[in-house]
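Quick notes on the structure that follows.
Just so it is clear, the structure is predicted and the values come from calculations on it, not from any experiment. The analysis underlying the following values was restricted to heavy atoms, covering all of them including side chains, and did not include hydrogens, waters or symmetry mates.
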Amino acid sequence: MGEHITEPSSRLMAFGNQLVRVHVALREQLAELRDHLDDHLTGHLTGEHRPLPDLRAHCLSFCAAVTRHHTAEDDGAFPVLAREHPELRAVLEELARDHRVVSDALRALAERIGSPGGDEASARAARTEVDTVAALLETHFTYEERKIADALTGLAGRLGAVDAELVARAVEVPGR
């Protein structure tokens with residue numbers, strides 16, 4: 001397991017709280033994406049065509065942030081948690097399966113928003129994709145926070161530097 005940290009650092013003690021902060025930041029990015037899309041739809045309804053470049057850029061940024069977070073969990077934090085808390089293995093496997101479902105939904109969203117066609121039907125279809133992603137993420141985030149946030153916080157002082165860094169990457173707030 002490597003060298004252990006002898007005194008809990010505030011960074012380690014905050015892992016569970018930091019996970020919640022990541023989820024809050026991703027929820028905020030998703031809300032902004034919805035707002036951009038709603039502005040685009042409103043433009044269709046009022047006859048003011050509003051360009052999609054900002055919407056596409058925001059979508060790609062959001063999708064990349066969620067993917068980075070989930071990849072860091074799957075490749076780093078979850079294996080550490082599984083080793084330190086074997087009783088959470090089934091939960092972690094379920095969360096990893098959720099990550100694959102979310103990944104498919106993000107890919108569909110990116111394709112929908114990235115495809116040409118600025119008509120109202122395309123914008124409404126994109127809104128449906130955003131709503132699907134939002135529902136999946138809200139369920140996933142809530143479950144994850146309830147099941148593993150305390151265990152993450154409990155890792156304070158128990159991890160070596162390498163494991164602590166793996167967990168820290170998974171709870172890094174996007175854009176910071």
Side-chain angles (χ1 to χ4, degrees), residues 14-79 81 88 90-150 152 167-176:
F15 279 157
N17 292 337
Q18 199 66 9
L19 175 70
V20 174
R21 286 187 192 110
V22 169
H23 291 168
V24 167
L26 292 171
R27 285 175 176 116
E28 288 170 354
Q29 284 185 7
L30 182 58
E32 289 175 21
L33 179 60
R34 273 185 164 155
D35 289 346
H36 279 92
L37 188 53
D38 287 346
D39 285 348
H40 183 70
L41 276 168
T42 300
H44 280 290
L45 297 175
T46 62
E48 302 170 31
H49 182 66
R50 297 182 183 166
L52 286 177
D54 288 343
L55 178 63
R56 288 184 185 122
H58 193 87
C59 177
L60 292 175
S61 175
F62 168 74
C63 291
V66 172
T67 300
R68 272 191 311 276
H69 170 61
H70 285 170
T71 300
E73 285 180 330
D74 291 341
D75 296 346
F78 287 1
L81 266 175
L88 291 177
V91 168
L92 297 169
E93 289 170 5
E94 185 175 352
L95 290 169
R97 281 191 300 274
D98 282 358
H99 290 173
R100 291 187 292 278
V101 171
V102 168
S103 178
D104 291 343
L106 290 173
R107 194 171 11 267
L109 172 61
E111 287 172 8
R112 170 67 62 192
I113 290 179
S115 66
D119 62 347
E120 184 181 345
S122 294
R124 289 196 185 285
R127 177 58 196 245
T128 299
E129 296 290 348
V130 169
D131 290 343
T132 297
V133 168
L136 286 170
L137 284 176
E138 189 56 38
T139 301
H140 173 75
F141 289 165
T142 301
Y143 180 73
E144 186 173 74
E145 290 164 7
R146 191 167 38 90
K147 293 294 189 176
I148 70 170
D150 288 343
L152 283 170
V167 175
R169 283 187 200 144
V171 295
E172 187 173 287
V173 177
R176 291 189 179 166

Tell me, please, which residues at least two apart from His70 pass ring-ring contact (aromatic ring centres under 6.0 Å, His included). His99, His140

Distance, nearest 0.5 Å, that separates CZ of Arg124 from OG1 of Thr128: 9.0 Å

Taken to the nearest 0.5 Å, the spacing of Leu19 CG from Glu172 CD works out to 13.5 Å

For the atom pair OG1 (Thr139) and CD (Glu144), what is the distance rounded to the nearest 0.5 Å? 12.5 Å

Of all the heavy-atom pairs spanning Val91 and Lys147, show the shortest one and how long it is. CG1-CB, 3.6 Å

Side chain to side chain contact (heavy atoms under 4.5 Å, CB included) partners of Val101, counting only residues at least two apart: Leu136

Residues two or more places apart in sequence or in another chain: which of them pass side chain to side chain contact (heavy atoms under 4.5 Å, CB included) with Glu94? Arg97, Tyr143

Arg169 vs Arg68 side-chain heavy atoms within contact, under 4.5 Å: no

Minimum heavy-atom distance Leu109-Cys59, with the two atoms named: CG-SG, 3.8 Å

Tell me, please, which residues at least two apart from Phe141 pass ring-ring contact (aromatic ring centres under 6.0 Å, His included). His23

Indicate the atoms forming the closest heavy-atom contact of Phe62 with Leu26, along with that distance. CE1-O, 3.4 Å

How many angstroms lie between atom CZ of Phe78 and atom CG of Leu88, to the nearest 0.5 angstrom? 10.0 Å

Heavy-atom side-chain contact between Val66 and Val133 under 4.5 Å: no

When you measure from the side chain of His69 to the backbone N and O of Val171, does any donor-acceptor pair fall under 3.5 Å? no

Under the rule for side-chain hydrogen bond (donor to acceptor under 3.5 Å, both in side chains), what residues qualify as partners of His36, not counting sequence neighbours? none

Smallest heavy-atom separation, Gly16 atom then Leu152 atom, equals N-CB, 3.9 Å

Could you walk me through whether Leu95 and Asp98 pass the side chain to side chain contact (heavy atoms under 4.5 Å, CB included) test, one step at a time? CA-CA 5 Å; Leu95 290 169; Asp98 282 358; 4.2 Å; yes

Could you work out, with side-chain hydrogen bond (donor to acceptor under 3.5 Å, both in side chains) as the rule, every residue matching Asp104, not counting sequence neighbours? Arg107

Starting at CG of Asp38, measure out to CG of Leu33 and round the result to the nearest 0.5 Å. 9.5 Å

Taking the side chain as everything from C-beta on, heavy atoms only, tell me whether Gln18 gets closer than 4.5 Å to Val173. yes

Would you check if Ile113 and His58 make a side-chain contact, meaning some heavy-atom pair closer than 4.5 Å? no

Of all heavy-atom pairs between Pro79 and Glu73, which one has the smallest distance, and what is that distance? CD-O, 3.7 Å

Between the side chain of Ser61 and the main-chain N/O of Ala57, is any donor-acceptor distance below 3.5 Å? no

